[in-house]
Amino acid sequence: MRRSLNINPVPGAAAAEALPRIVAFVEEMAELDDWAPDLVLRSNLILEELILNTLTHGRTSGLSDIEITLESGVNSVTITVVDDGAAFDPLNDKPSPDTELPLQERSIGGLGLHLVRTMAEDLGYKHADGKNHLTLVARAGA
Amino acid sequence: MELAQERDSGTNVISPAGRVDGSNSADFHEALAAAIADDDSRVILDMGGIDYISSAGLRVLLLVAQRLGGSSTPFAVCSLAASVDEVFRISGFNQIITVYGTLDEAKAQLA
């Protein structure tokens, strides 16, 4: 099954309002297509990190629409996110944090996108028609 | 998000339940901070009831671990669900926060 969810962010309230809708959307798909529990968790995590990153890092100027599309595969789901905000490549534009630093030197910046890049497979980004297009695959199991 | 707590001769065991995401991580932080006292001799966070944590929740754990590290209070987490364990590993959090398999192990070994 393939379904889409559109989020039209209102600056400020955007993140708090978007998250419950994303969770509900993922769970609805998961139920319809009988996803494994860990696939549901991974898909939720990937989408939370991506969407909150878009909504909370000052990239909401000019952003009027985020379209999330999920397509169920065999033990996997292909996730596509298209938004019309400022050009940003979540695969390359923000470096991963140093996950080897000692406790008191660690900071959390960049960790969300690092989780996405590590957990997802077949990641691809392009900027076309004035929009960011991101595609990736979440897979059940190890 | 619910949070249970039990103190036993200086050992503070905090057991949150539910999901920790960007919509409730501020509440989670507030509840955790309130549950930890300056005179706790050890703090154990039993994560057995948490099946989902995003970077927003990791940020809270980092701040709590740094606060306790700053006061040299032993701190550990235990009973991570597989999904939470995966997030810990990818983030390298298992190298900066002590992780035990069970609460009993944490109580017996954290010093």
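Owing to the predicted nature of the structure, the values given are computational and were not obtained by experimental measurement. Lettering follows sequence order; numbering is per chain, from 1.
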Any chance CD of A/E31 has more than 12 other-residue heavy atoms, nucleotides or ligands included, within less than 6.0 Å?
no
Rounded to the nearest 0.5 angstrom, the OG-CG distance for B/S54 and A/L52 is 7.0 Å
Quiz item: Does B/I44 belong to the same Ile/Leu/Val/Met/Phe/Trp/Tyr cluster as B/L62, with side-chain heavy atoms less than 4.5 Å apart forming each link?
Solution: no
| Is there a path from B/L103 to B/L68 through hydrophobic residues (I, L, V, M, F, W, Y) whose side chains come within less than 4.5 Å of each other? | no
Residue set satisfying side-chain hydrogen bond (donor to acceptor under 3.5 Å, both in side chains) with A/T135, at least two apart, ordered chain then number -> none
Rounded to the nearest 0.5 angstrom, the CG-CG distance for B/D21 and A/N44 is 8.5 Å
Nearest heavy-atom approach of A/R106 to B/S91 is NH2-O, 2.6 Å
Between the CG atom in A/L19 and the OG atom in B/S23, the distance rounded to the nearest 0.5 Å is 5.0 Å
One should read off an interatomic distance between B/S83 OG and A/R42 CZ, to the nearest 0.5 angstrom, of 9.0 Å
Notebook entry, point to check: Would you find more than 12 non-hydrogen atoms of other residues, nucleotides or ligands less than 6.0 Å from B/E30 atom CD?
Noted result: no
d(B/I90 CD1, A/R117 CZ) to nearest 0.5 Å is 12.0 Å
| query | Under 6.0 Å from the CD atom of A/Q104, do we count more than 12 heavy atoms belonging to anything else shown? | reply | yes
So ring-ring contact (aromatic ring centres under 6.0 Å, His included) across residues 16-52 of chain B, not counting sequence neighbours, yields none
Looking at A/M119, is its backbone amide N or carbonyl O close enough to the side chain of B/E86 to form a donor-acceptor pair, meaning the two atoms are under 3.5 Å apart?
no
Honestly, the part of B/Q66 sitting under 4.5 Å from a heavy atom of chain A is both
Cut-off 4.5 Å, heavy atoms of chain A, and the answer for B/L63 is neither
Is there a path of hydrophobic side-chain contacts, each under 4.5 Å between heavy atoms, that joins A/W35 and A/I68? yes
The interface call for A/E49 against chain B, heavy-atom contacts under 4.5 Å, is side chain
Tell me whether A/V82 is reachable from A/V77 by hopping between hydrophobic residues (I, L, V, M, F, W, Y) whose side-chain heavy atoms are closer than 4.5 Å.
no
Output side-chain donor-acceptor pairs under 3.5 Å for residues 5-16 of chain B, partner residues at least two apart or in another chain, one line each.
{"residue": "B/Q5", "atom": "NE2", "partner": "B/N12", "partner atom": "OD1", "Å": "3.1"}
{"residue": "B/Q5", "atom": "NE2", "partner": "B/A35", "partner atom": "O", "Å": "2.5"}
{"residue": "B/R7", "atom": "NE", "partner": "B/D40", "partner atom": "OD1", "Å": "2.7"}
{"residue": "B/R7", "atom": "NH2", "partner": "B/A35", "partner atom": "O", "Å": "3.1"}
{"residue": "B/R7", "atom": "NH2", "partner": "B/D40", "partner atom": "OD1", "Å": "3.4"}
{"residue": "B/R7", "atom": "NH2", "partner": "B/D40", "partner atom": "OD2", "Å": "3.4"}
{"residue": "B/T11", "atom": "OG1", "partner": "B/R42", "partner atom": "NE", "Å": "3.0"}
{"residue": "B/T11", "atom": "OG1", "partner": "B/R42", "partner atom": "NH2", "Å": "3.0"}
{"residue": "B/N12", "atom": "ND2", "partner": "B/A35", "partner atom": "O", "Å": "2.8"}
{"residue": "B/N12", "atom": "ND2", "partner": "B/D40", "partner atom": "OD2", "Å": "2.8"}

Ordered numerically, the heavy-atom neighbours of chain B under 4.5 Å found in residues 96-103 of chain A are A/T99, A/E100, A/L101, A/P102, A/L103
With hydrophobic residues grouped by side-chain heavy-atom distances under 4.5 Å, do A/L70 and A/V137 end up in a single group?
no
